[in-house]
Amino acid sequence: MRKLSVLLVDDEIMIREGFKRLFDWEAHDCEVIGEAADGMEALHQIESLQPDIVIMDINIPVMNGLKVIQLSRLKYPEIAFVIVSGYDDFSYCREALRLQITDYILKPVNYEEFGNCIDNLKISLYKKRITQEKEPEKMEERTISAITRYLQEHLSEEISLAVLAEKFHLNPQYISQLFKSEIGVGFLTYLTNTRLEKAKKLLVSTSLSVAEIAEQCGYGDYRVFSKVFKKTEGITPSQFKRDFFDSYH
């Protein structure tokens with residue numbers, strides 16, 4: 001998994017250099033990708049770099065750190081903010097909590113304490129990242145489940161990728177890829193197999209004619225149905241039915 005990216009925001013260059021030189025980012029699976037000296041520059045850097053973590057002082061020029069966080073939250077709610085401040089002020093802490101700051105660390109920085117903060121944050125961000133990566137997979141599973149359920153319930157009707165695309169508001173090519181990735185076979189193969197499985201059940205459990213079964217399974221022409229059935233099963237639908245009953249006598 002890739003390293004977490006970090007943006008440093010402090011108007012004191014010595015503080016920023018201290019973070020870069022005195023803290024072992026590599027050991028904590030992080031890398032500093034940028035820095036800013038004032039609030040406006042911080043906003044531009046957040047917009048440009050979209051870091052995973054922003055280490056931010058509150059009392060910075062042009063725009064204070066809390067305002068930067070408030071504005072950034074609107075567009076990038078997933079970014080984690082850690083405030084590092086010389087102000088041990090309850091009103092600042094309260095506002096930081098309201099903005100869902102990950103941590104509030106006082107200057108001078110205790111780098112051991114800061115390391116624990118980064119490690120806890122790293123675990124949280126990695127869990128969130130794994131969840132986000134799995135979400136599309138879950139969505140695809142739910143989608144293909146809904147599509148196959150629809151097929152089962154509408155086998156007697158005309159079904160094509162175009163019909164499914166309109167029904168589920170998806171691209172036909174995407175649906176085709178879903179069948180291959182989630183089920184392991186192409187759409188037409190799955191549809192044919194599903195129709196034939198239903199046909200076999202009807203052949204042995206009802207007195208319907210081959211033509212009637214063909215129609216219920218989505219084949220308007222029973223001769224086409226019989227041809228497809230024989231190609232797949234090796235025998236005609238009628239022979240399949242006779243063989244089934246003969247095996248029980």
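It should be emphasised that the depicted structure is a prediction, and the values quoted were computed from it without experimental measurement.
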Side-chain donor-acceptor contacts of residues 167-174 below 3.5 Å, not counting sequence neighbours, with atom names and distances?
unit_1: Asn171; atom_1: OD1; unit_2: Gln173; atom_2: N; d: 2.7
unit_1: Asn171; atom_1: OD1; unit_2: Tyr174; atom_2: N; d: 3.4

What pairs of donor and acceptor atoms, side-chain ones from residues 37-47 against any protein atom, are under 3.5 angstrom apart with sequence neighbours left out?
unit_1: Asp38; atom_1: OD1; unit_2: Met40; atom_2: N; d: 3.0
unit_1: Asp38; atom_1: OD1; unit_2: Glu41; atom_2: N; d: 2.7
unit_1: Glu41; atom_1: OE1; unit_2: Ala37; atom_2: N; d: 2.9
unit_1: Gln45; atom_1: NE2; unit_2: Glu35; atom_2: O; d: 3.1
unit_1: Glu47; atom_1: OE1; unit_2: Lys75; atom_2: NZ; d: 3.2
unit_1: Glu47; atom_1: OE1; unit_2: Tyr76; atom_2: OH; d: 3.3
unit_1: Glu47; atom_1: OE2; unit_2: Lys75; atom_2: NZ; d: 3.0
unit_1: Glu47; atom_1: OE2; unit_2: Tyr76; atom_2: OH; d: 3.3

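Qualifying salt bridge (charged side-chain N to carboxylate O under 4.0 Å, His left out) partners for Glu140, counting only residues two or more places apart in sequence or in other chains: none.
Side-chain atoms of Asp10 and Lys107, non-hydrogen and from C-beta on, do get closer than 4.5 Å to each other. Considering only heavy atoms from C-beta on, Tyr126 comes within 4.5 Å of Asp29 through its side chain. Phe244 is not listed as a side-chain neighbour of Leu203, based on a closest heavy-atom distance of 4.5 Å or more. Side-chain contact between Tyr150 and Glu157: present, with at least one pair of heavy atoms (C-beta onward) separated by less than 4.5 Å.
For the 3.5 Å distance criterion, the side chains of Gln152 and Arg149 fail to qualify, holding no donor opposite an acceptor.
Salt bridge status for Glu233 with Lys241: absent, with no side-chain N to carboxylate O gap under 4.0 Å.
Hydrophobic clustering (side-chain heavy atoms under 4.5 Å, transitive across Ile, Leu, Val, Met, Phe, Trp, Tyr) groups Leu71 together with Val62.
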Derivation and outcome, side-chain hydrogen bond (donor to acceptor under 3.5 Å, both in side chains), residues Gln132 and Arg129: CA-CA 5 Å; Gln132 289 171 341; Arg129 187 181 291 175; over 6 Å; no

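To the nearest 0.5 angstrom, Arg195 atom CZ is 12.5 Å from Thr232 atom OG1.
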